[in-house]
Amino acid sequence: MLRLFKQIVRHKHAPDHWSVVRKKIHPTDKALAHFDDFYRQVFDKSWDSIREGLLGKQKYVAVVNNYSDCEATMARLELQGALNVRTLFKLEKQYSKERRTVQEKQKVLREVRRIDRELESRANEPKNASLQASLDDAELDHRRIIDSKNALSGEILHEFVPATKIKGKEDFIPESTHYKFYKNENFEVFIEEEFDLHFPEHLNVYCFEEGNRSDFEPSPSGSTGVLDYYMMDGGSVLPVLALDIRPGNTILDLCAAPGGKTLLAIQTLYPNRIIANDVSMSRTNRVYKVAKQFLYDLNERWLQPGKLMITNFDGRSFPQENFDRVLVDVPCTTDRHSVKENDNNIFKPSRVKERLKLPETQCDLLFNALKLVKKGGVVVYSTCSLSPIQNDGVVHMTLKRIWEETKIEVVVADLAPALRQTKSVFKLANKKIMKYGHLVVPHLPQNYGPTYFCKLKRIK
Ligand code: SAM
């Protein structure tokens with residue numbers, strides 16, 4: 001028996017033998033199988049395209065460093081065919097406004113033609129009433145609401161007036177659509193629509209247009225000795241824009257390493273003070289490294305005056321408070337990394353516990369962030385996962401806890417109207433499957449993300 005056992009052991013193949021390699025299930029395989037199973041239920045027919053994007057080549061944007069030769073850098077990036085994201089947003093905003101105006105005009109014209117036909121057929125009736133009598137009988141038609149801001153030509157308006165009465169702009173957006181009200185498990189969540197996404201004047205982010213898969217070259221150093229631009233997944237820009245940073249703000253980046261979003265916030269030139277925190281000491285060193293690469297005179301201009309502080313607390317018990325803005329870019333399943341890299345993969349068998357505890361950790365971090373922000377301040381919660389549990393689910397759980405355990409009041413900002421301007425750069429998940437936040441979904445021609453972000457405003 002013992003001899004037989006020895007024989008079996010002796011014939012075991014080496015770890016690199018084809019039959020062993022073929023059978024081994026890697027963390028990336030496990031991640032993909034998990035996502036196939038779960039995300040197909042969530043994204044339905046869109047999952048195939050998202051999956052293709054997730055496995056395909058990721059796109060980057062280049063964030064121009066204001067502490068290097070920024071004008072020359074912008075000119076160089078433009079020569080390479082890159083486009084300024086702020087300009088693209090502006091053009092899309094203008095275009096959709098014009099498109100809305102044209103659609104409104106077409107709607108009015110269709111209505112005018114319909115009324116013309118109706119009047120004509122009435123005129124042909126044997127006992128027809130006079131035009132004046134029919135106008136006198138016309139009632140206010142609430143379906144025909146005209147947005148007075150959309151420049152309807154006087155001519156069209158003139159033709160339209162006799163048929164019915166025009167209702168003005170005053171209650172064009174009824175309160176009920178402006179504030180949606182959810183009643184859930186005995187707690188209430190207020191959602192407020194936002195129509196604008198502030199793009200700071202000094203923040204210059206470059207991308208290649210939809211379908212263009214060119215790469216940015218590694219950044220050279222400029223005359224001040226720091227790098228000209230920082231490359232990051234384009235999706236990462238939106239959580240920072242959603243923070244709505246304003247001049248003089250004090251900002252806390254609760255889970256900051258390696259520091260990409262901290263750097264983006266600094267590039268707005270708005271913050272008075274910024275704290276980049278991370279629980280991991282080795283990862284806070286990466287924040288130092290990024291700061292050193294991009295901010296000249298790091299010690300004298302940034303660290304010593306305390307304009308930038310790099311701290312090493314557990315975000316769940318971060319000690320200070322009263323920040324104007326808090327970014328909570330939590331640890332998550334990092335979906336793109338999980339399907340592509342076996343190193344440091346959260347789907348490794350040894351990390352099962354950590355993975356299953358993620359929503360709880362995320363919830364604790366967001367809960368603390370809402371306590372750390374001042375009244376009137378903004379918290380943005382973000383992940384790089386497609387999971388509705390780690391995204392809207394965590395926001396939901398945290399809002400419930402805030403409602404039950406504190407006197408803090410929070411409003412969720414629905415950025416959907418404001419995000420229309422981002423359409424030419426980002427592919428966002430259908431609003432119907434999102435409850436609170438927004439999700440940049442991977443998609444080959446615009447292959448950014450996944451990036452989930454939800455803006456929360458503390459009102460009390
Ligand atoms: N915001 C970063 C950026 O844009 O470069 C990426 C942040 S990464 C998604 C999540 C980070 O959270 C990791 O660096 C991890 O070390 C950190 N982290 C995990 N648990 C934490 C905790 N309890 N408190 C603070 N940071 C934590």
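Whatever order the structure lists ligands and atoms in, that order sets their numbers, starting from 1.
- Distance from atom 7 (C) of ligand 1 to its nearest protein heavy atom, with residue and atom name: Ala257 O, 3.1 Å.
- Residue Leu365 approaches ligand 1 through these ligand atoms, each under 4.0 Å from one of its heavy atoms: 22 (C), 23 (N), 24 (N).
- Using a 4.5 Å cut-off on side-chain heavy atoms (C-beta onward), Asn84 and Asn204 make contact.
- Residue-level proximity to ligand 1 for Lys261 is carried by backbone and side chain together, each with a heavy atom below 4.0 angstrom.
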Checking side chain to side chain contact (heavy atoms under 4.5 Å, CB included) for the pair Leu203/Val63: CA distance, chi angles, key distance, verdict? CA-CA 8 Å; Leu203 181 64; Val63 182; 4.3 Å; yes

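- Using a 4.0 Å cut-off between charged side-chain N and carboxylate O, Asp215 and Lys59 make no salt bridge.
- Close contacts between ligand 1 and Val330 involve ligand atoms 9 (C), 10 (C) [criterion: under 4.0 Å to a heavy atom].
- A heavy-atom separation below 4.0 Å is not found between Ser236 and ligand 1.
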Applying side chain to side chain contact (heavy atoms under 4.5 Å, CB included) to Asp253 and Asp278, what does each step give before you reach the verdict? CA-CA 8 Å; Asp253 188 351; Asp278 203 281; over 6 Å; no

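- Atoms of ligand 1 found under 4.0 Å from any heavy atom of Gly260, numbered from 1 in the order shown, are 3 (C), 4 (O), 5 (O).
- Protein heavy atom closest to atom 23 (N) of ligand 1, with residue, atom name and distance, is Asp314 OD1, 2.9 Å.
- Numbered from 1 in the order shown, with element, the atoms of ligand 1 that lie under 4.0 Å from a heavy atom of Gly315 read 22 (C), 23 (N), 24 (N), 25 (C).
- Counting heavy atoms closer than 4.0 Å to ligand 1, residue Leu254 contributes backbone atoms (N, CA, C, O) but none from C-beta onward.
- In this structure, NZ in Lys400 is found 10.0 Å from CD in Glu405, a value given to the nearest 0.5 Å.
- Nearest protein neighbour of atom 11 (C) of ligand 1, counting heavy atoms only, is Asp278 OD2, 3.5 Å.
- Nearest protein neighbour of atom 12 (O) of ligand 1, counting heavy atoms only, is Cys255 CB, 3.2 Å.
- In this structure, of Thr334, Asn277, Val279, Asp329, the residue bringing a heavy atom nearest to atom 20 (N) of ligand 1 is Val279.
- In this pair, Phe38 and His34 present their aromatic rings perpendicular. The plane angle is above 60°, beyond the 30 to 60° band.
- The side-chain hydrogen bond (donor to acceptor under 3.5 Å, both in side chains) search around Arg40 returns Asp48, not counting sequence neighbours.
- At a heavy-atom distance under 4.0 Å, no atom of Cys332 approaches ligand 1.
- Closest to atom 14 (O) of ligand 1, if we only count protein heavy atoms, is Arg283 NE, 2.5 Å.
- Ranking protein heavy atoms by distance to atom 19 (C) of ligand 1, first place goes to Pro331 CG, 3.4 Å.
- Scored by the side-chain contact (heavy atoms from CB on, under 4.5 Å) test, Glu210 finds Pro445, Gln446 as partners (sequence neighbours excluded).
- The local environment of NZ in Lys57 is crowded, with over 12 non-hydrogen atoms from other residues, nucleotides or ligands closer than 6.0 Å.
- Ion pair Glu354/Arg351 flagged as a salt bridge, since at least one NZ, NE, NH1 or NH2 atom sits closer than 4.0 Å to an Asp/Glu carboxylate oxygen.
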